[in-house]
Colleague: 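I have a structure here, written as structure tokens, and I will follow up with some questions on it.
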Number of protein chains: 2
Amino acid sequence: MGKKKAAVTLHDVANKTGVSVSTVSRVLAGKEYISPRTRQKVMATVAEMNYSPNAMARGLKSGQSNMIALVIPSIHNLMFPVLTRGVEDTARKNGYMVILCNTDEDTDAEKGYITKLRNSWVDGMIFATMLPDSHYIRELRQSGFPVVLTSRAYDKTIDAVVIDNVSASYDATCYLIGKGYRRIAFAMGPDFQLYEDRFQGYCNALKENGIPFDERLVMHETDGVNSFAGLIRKMIEEQGKPDAVFASTDNRAIVIMRTLYDMGFRIPDDIAVMGFDNVDFSSLVEPPLSTVSQPLYDIGATATRRLIHQIRAVRNTGVLDPPVVEQLETHLLIRQST
Amino acid sequence: MGKKKAAVTLHDVANKTGVSVSTVSRVLAGKEYISPRTRQKVMATVAEMNYSPNAMARGLKSGQSNMIALVIPSIHNLMFPVLTRGVEDTARKNGYMVILCNTDEDTDAEKGYITKLRNSWVDGMIFATMLPDSHYIRELRQSGFPVVLTSRAYDKTIDAVVIDNVSASYDATCYLIGKGYRRIAFAMGPDFQLYEDRFQGYCNALKENGIPFDERLVMHETDGVNSFAGLIRKMIEEQGKPDAVFASTDNRAIVIMRTLYDMGFRIPDDIAVMGFDNVDFSSLVEPPLSTVSQPLYDIGATATRRLIHQIRAVRNTGVLDPPVVEQLETHLLIRQST
DNA sequence: CTGTTAGCGCATTCAT
DNA sequence: ATGAATGCGCTAACAG
């Protein structure tokens, strides 16, 4: 069989310069106690031979890869491109690269990534998935591996960056009620804590304002976001039109808006619509969507900073710092759909 | 200083089982000539100790990392989440992981990734950026490193997966003309070949249909997508309204649609709008956007397959296969904005 | 200031 | 069928 063209190594550079490998290594590491002349000569050959260090050898030696993994449901979901930029920008600024892992919210896929990556491809992992409690993630953390969660906080035993879904959702619902809407439908997501919380906030607001909760006004996603096209249609046919719809994500809100539009309703005149997330596109739809703005980029950036902090803690002290759950602020963004 | 908790190594497993490291290595590699009993014992300790191989040691030894890099302008641009899934799914199916690199179309950033990654973090790279000819990428390829381009083909000396922008754009413009639109504005992008091609197709269609080209009907992006809000406004104030607008990307089309809407125009009754790309959201805006559909997922998947093919070629024969430029089909997707 | 050496964890060749 | 020994490319400890 053939073999790959051998890359130039430290050894080659040393030979050519007429010094030892360790000298070259020192020069490259910017160590002191190197004579200017030697340094200069080495730098010259390095440039001449176009040498660049073998990262895997370096990693094997140092036990660090300077890579982190970002585990998300799917980059296809509009929440994540923004969060991902927050992660990547922060990582790069600190000398880390990021490996992207799409799980489609599949527990086995998540587990697969963990077992594959923990053993030294990556120095730490960020989980932005919404899966319920995962044994593997706890175990990772317990074994001293840096892990940061977003979108879920477990029980504060793991570092996390979150928002207060219950109160954000409560505020949004109160706003709708304040505008005079009474029959407020809710578009529920799959069975994740995240959506339970948003639903809870909605219920709390209803109760505090003396509005009876009506189970028939909550739509449960059956088969992906698009199922809401059918759900809202069915609800209106059976229950009559609601005054407003509060969707647990912008994606759901937008699908609902389109359907409402197709059915001939005007927004917000006939029915108001409120979203959650403030995904990029929410300002571009017609009418621009009122929503709960979540600092997606910042969540990514904060999670990454925390992760890198923990990576350094492990390197320096041998153990992880105690976990911290950081809560970031959301705010109600009123545009024209309410 | 402290030290990281040592991971369990082949050595540990060997010791505990009472065999040599090479035996353990063989068992794990599924080699033959191992007594069933030994195999069994080894497997037991592996499971018991929760051993997993150190990827960097393995990589150092084998010269392969089983990672590839995907270089894109920004995951934030709606073209790329879909393309990225195509890449990631295909990569994973073949045992590769992907490192995501956002360059914001900055040549230095691109160069930085190249120098950092080529030396053995990744086995190959996909460039989905639109930057003009890059010396570094050619050099990569020439040095025998697997590279695949999308969105640009250079001169067929590098593997690429592309679409025919000129003719796709030509077809779209002809469609508009066929519908009776005469004053067709064009929303031009930055100075990349890609947009030149789309512009060329637009010009060709005009000429073939005997419609004089009017420079004042082409808008040039000044400062990001949002600049088209001002540009379309200004154009209409100065030149009167066009019959239709053909935007070089969906993003631009959508910003323009919003502005038109705000100005009180109805789409497509007053002004038709045509996009390019068929980004996810184009079906969700109001009215759903007519556009040139580009097989984004497939572009990513095809590029990845080709890249992996080349990686294997290098491993087996020592050299890259001759470059292939694959052209994928686009089609006109007529929705309600025209 | 610089060279020699050992060893990171693994796969593999050579013995046995 | 299995063990011992070597080396992938690099860094760091130890000698000068």
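On a predicted model such as this, the values are computed, not experimentally measured, just so you know. Chain naming here is simple, since letters A, B, ... match the order of the sequence lines and numbering starts at 1 in each.
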Colleague: For the side chain of Asn316(B) and the backbone of Ala313(B), is there at least one donor-acceptor N/O pair under 3.5 Å apart?
Modeller: no
Colleague: What is the distance, to the nearest angstrom, from the NE2 atom on His11(B) to the P atom on dC8(C)?
Modeller: 9 Å
Colleague: Separation of Asn54(B) atom CG from dG7(C) atom P, in whole Å?
Modeller: 18 Å
Colleague: When you match Val21(A) and Arg39(A) each to their closest nucleotide on DNA chain C, which lands nearer the 5' end?
Modeller: Arg39(A)
Colleague: With heavy atoms under 4.0 Å as the rule, sort Leu10(A) into base, sugar-phosphate or nothing.
Modeller: base
Colleague: Measure from CZ on Arg315(A) to P on dT11(D) and round the result to the nearest Å.
Modeller: 14 Å
Colleague: Looking at dG9(C), I'd like to know if its phosphate oxygens (OP1 or OP2) sit under 4.0 Å from a side-chain N or O belonging to Thr9(B).
Modeller: no
Colleague: Supply the atom-to-atom distance Leu296(A) CG to Leu83(A) CG, rounded to the nearest 0.5 angstrom.
Modeller: 6.0 Å
Colleague: Whole Å only: how far is the CZ atom of Arg58(A) from the C1' atom of dC8(D)?
Modeller: 16 Å
Colleague: With respect to the phosphate group of dC1(C), does any side-chain polar atom (N or O) of Ser35(A) fall under 4.0 Å of OP1 or OP2?
Modeller: no
Colleague: Could you tell me whether Asp104(B) and Arg85(A) make a salt bridge, using a distance below 4.0 angstrom between a side-chain N and a carboxylate O?
Modeller: yes
Colleague: Taking the nucleotide of DNA chain D with the closest heavy atom to each, which residue, Lys61(B) or Ser62(A), is nearer the 5' end?
Modeller: Lys61(B)
Colleague: Counting only distance, no hydrogens or angles, is the base of dG3(C) paired donor-acceptor with the side chain of Ser22(A) under 3.5 Å?
Modeller: yes
Colleague: Tell me: CD of Gln64(B) to C1' of dC8(D), nearest whole Å?
Modeller: 14 Å
Colleague: Both Thr23(B) and Leu60(B) contact DNA chain C. Which one's nearest nucleotide lies toward the 5' end?
Modeller: Leu60(B)
Colleague: Whole angstrom is fine here: how far is it from NZ in Lys41(A) over to C1' in dG3(C)?
Modeller: 14 Å
Colleague: Measure the distance from CE on Met56(B) to P on dA11(C) and round it to the nearest whole Å.
Modeller: 14 Å
Colleague: With no hydrogens and no angle check, do the side chains of Thr23(B) and Ser20(B) hold a donor and an acceptor under 3.5 Å apart?
Modeller: yes
Colleague: So, are Arg141(B) and Asp159(B) salt-bridged, with charged N and O less than 4.0 Å apart?
Modeller: yes
Colleague: So which one's nearest nucleotide on DNA chain D is more toward 5', Ser25(A) or Ile34(B)?
Modeller: Ile34(B)
Colleague: Please report the distance, rounded to the nearest Å, between CZ in Arg26(B) and P in dG3(D).
Modeller: 8 Å
